[in-house]
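Please read the structure below before turning to the comments.
For the numbers below, each heavy atom of this structure counts, side chains included, while hydrogens, waters and symmetry mates do not.
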Amino acid sequence: MTRLVVGFDLDMTLVDSRPGIGATYRALAEETGTFIDVDLVTSRLGPPLEAELAHWFEPELVPQVADRYRALYPDLAIPRVELLRGAREAVQAVLDAGGEAFVVTGKNGRNAALHLQHLAIDLDVVGEVWREGKADVFRARGVTAYVGDHVHDMEACRSADVVGIAVPTGPCSPDELRAAGADHVVDDLHGVVGLVPDLPR
């Protein structure tokens with residue numbers, strides 16, 4: 001039998017990162033003198049940082065601006081981010097079932113790990129992967145289910161043939177998540193707890 005291995009997305013799945021990301025973008029806009037619609041940015045979290053920055057900066061500036069964002073992030077974002085409802089319980093349910101839980105995120109791995117450390121959640125992190133990159137991690141790590149908030153998370157699940165559990169706490173609606181291939185859509189992470197006993201092993 002396959003061992004239960006559950007991956008979790010970070011931003012808007014385990015944590016509400018909007019306040020911290022917003023603060024970091026505001027500081028970046030002030031430093032660079034560049035207009036950034038922070039409300040718009042925080043309404044569509046999910047894609048990699050560089051993809052978002054490309055909406056506001058010339059292509060040749062994106063790498064250095066991304067480095068500066070990541071340097072600002074620990075002091076400005078980490079203290080402002082909180083766990084979403086049921087996050088701790090969902091992770092613990094996987095562990096109590098004898099499974100493995102870890103984070104797979106498009107966020108920079110170092111900053112993702114700082115979030116977990118600050119919130120006292122002890123999980124391994126695979127960072128800077130998105131869409132098919134997540135699917136590659138699922139295959140390599142033997143993931144049996146993944147919990148995410150974005151349609152691209154569910155597309156990665158479908159690509160890797162793992163159970164996709166969606167929470168509509170990010171930018172995507174329940175209907176969008178189902179259309180992208182979600183096997184389950186739950187209101188929040190408390191809903192994951194009830195699914196754990198029936199997840200494939």
Side-chain angles (χ1 to χ4, degrees), residues 3-25 27 41-42 45-50 52 66-67 69-131 133-138 140-150 152-154 156-157 162-171 186 188-193 195-196 199:
R3 183 168 180 244
L4 176 63
V5 181
V6 180
F8 289 87
D9 182 44
L10 184 67
D11 292 326
M12 302 314 301
T13 297
L14 287 178
V15 303
D16 183 353
S17 50
R18 291 171 297 187
I21 288 174
T24 308
Y25 270 103
V41 170
T42 56
L45 299 181
L49 172 63
E50 286 81 0
E52 182 59 53
D67 287 345
Y69 174 98
R70 291 184 177 115
L72 291 167
Y73 194 91
D75 288 339
L76 296 177
I78 301 299
R80 291 176 165 88
V81 171
E82 297 182 352
L83 287 173
L84 284 167
R85 276 176 42 87
R88 205 176 297 279
E89 293 86 345
V91 170
Q92 193 60 49
V94 174
L95 301 179
D96 288 347
E100 174 189 353
F102 71 112
V103 168
V104 187
T105 176
K107 186 183 290 297
N108 169 269
R110 174 179 176 272
N111 286 337
L114 288 175
H115 276 306
L116 297 177
Q117 179 182 343
H118 179 73
L119 296 166
I121 292 186
D122 184 17
L123 293 179
D124 184 25
V125 175
V126 178
E128 298 183 79
V129 288
W130 178 245
R131 300 183 77 171
K134 287 190 176 183
D136 290 341
V137 173
F138 300 164
R141 295 282 293 258
V143 169
T144 49
Y146 184 71
V147 185
D149 69 289
H150 203 282
H152 292 160
D153 293 332
M154 297 304 105
C157 291
V162 306
V163 174
I165 304 172
V167 284
T169 42
V186 295
D188 60 34
L189 291 172
H190 286 296
V192 175
V193 176
L195 294 174
V196 166
L199 291 177

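The nearest pair of heavy atoms linking A101 to L123 is O-CD2, 3.3 Å. Counting all heavy atoms, side chain and backbone alike, V163 lies closest to C157 at O-SG, 4.2 Å. Taking all atoms of both residues into account, the shortest heavy-atom contact from P74 to P79 is O-CD, 3.7 Å. The minimum heavy-atom distance between D149 and P171, with the atom names listed, is OD2-CD, 3.3 Å. Residues L76 and A27 share a closest heavy-atom pair of CD1-CB, 3.5 Å. Looking at every heavy atom in both residues, V162 comes nearest to V143 through CG1-O, 3.0 Å.
Atom-to-atom distance recorded for L116:CG and N111:CG is 11.0 Å, nearest 0.5 angstrom. Taken to the nearest 0.5 Å, the CZ atom of R110 stands 12.0 Å off from the CD atom of E128. Going from atom CG of L14 over to atom CG of L119 covers 9.5 Å, rounded to the nearest 0.5 Å. Distance CD1/I165 to CG/L195: 5.0 Å, rounded to 0.5 Å. Distance check: D153 CG to M12 CE gives 12.5 Å after rounding to the nearest 0.5 Å. To the nearest 0.5 angstrom, K134 atom NZ is 8.5 Å from M154 atom CE.
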message: Evaluate L4 against V196 for side chain to side chain contact (heavy atoms under 4.5 Å, CB included), listing each step before the verdict.
response: CA-CA 9 Å; L4 176 63; V196 166; 4.1 Å; yes

message: Walk me through whether K107 and E52 qualify under salt bridge (charged side-chain N to carboxylate O under 4.0 Å, His left out).
response: CA-CA 12 Å; K107 186 183 290 297; E52 182 59 53; over 6 Å; no

task: Step by step, work out the side chain to side chain contact (heavy atoms under 4.5 Å, CB included) result for L83 and L189.
output: CA-CA 10 Å; L83 287 173; L189 291 172; over 6 Å; no

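V15 pairs with exactly one of V81, D9, T169 by the side chain to side chain contact (heavy atoms under 4.5 Å, CB included) rule, that one being V81. With F102 as the fixed residue, the side chain to side chain contact (heavy atoms under 4.5 Å, CB included) test singles out one of V94, V126, V6: V126. For the side-chain hydrogen bond (donor to acceptor under 3.5 Å, both in side chains) test with S17, the passing option among T42, T24, D11 is D11; the others fail. No option in N108, T105, L114 other than T105 meets the side chain to side chain contact (heavy atoms under 4.5 Å, CB included) test with V125.
Under a 3.5 Å cut-off, the side chain of Y146 and the backbone N or O of A156 do not form any donor-acceptor pair. A side-chain donor-acceptor contact under 3.5 Å links T144 to the backbone of V5. The main-chain N or O of A120 is found under 3.5 Å from a side-chain atom of R88 such that the two form a donor-acceptor pair.
By the neighbour-count criterion of 12 heavy atoms within 6.0 Å, atom CG of D122 is sparsely surrounded, having that number or fewer from other residues, nucleotides or ligands. The environment of Q92 atom CD is dense: over 12 non-hydrogen atoms of other residues, nucleotides or ligands sit within 6.0 angstrom.
Looking at V192 and V186, their side chains come closer than 4.5 Å, going by heavy atoms from C-beta outward. Here the side chains of P47 and H150 are in contact, with some heavy-atom distance below 4.5 Å.
In this structure, W130 and H152 have perpendicular ring planes: the angle between them is above 60°, well past the 30° mark.
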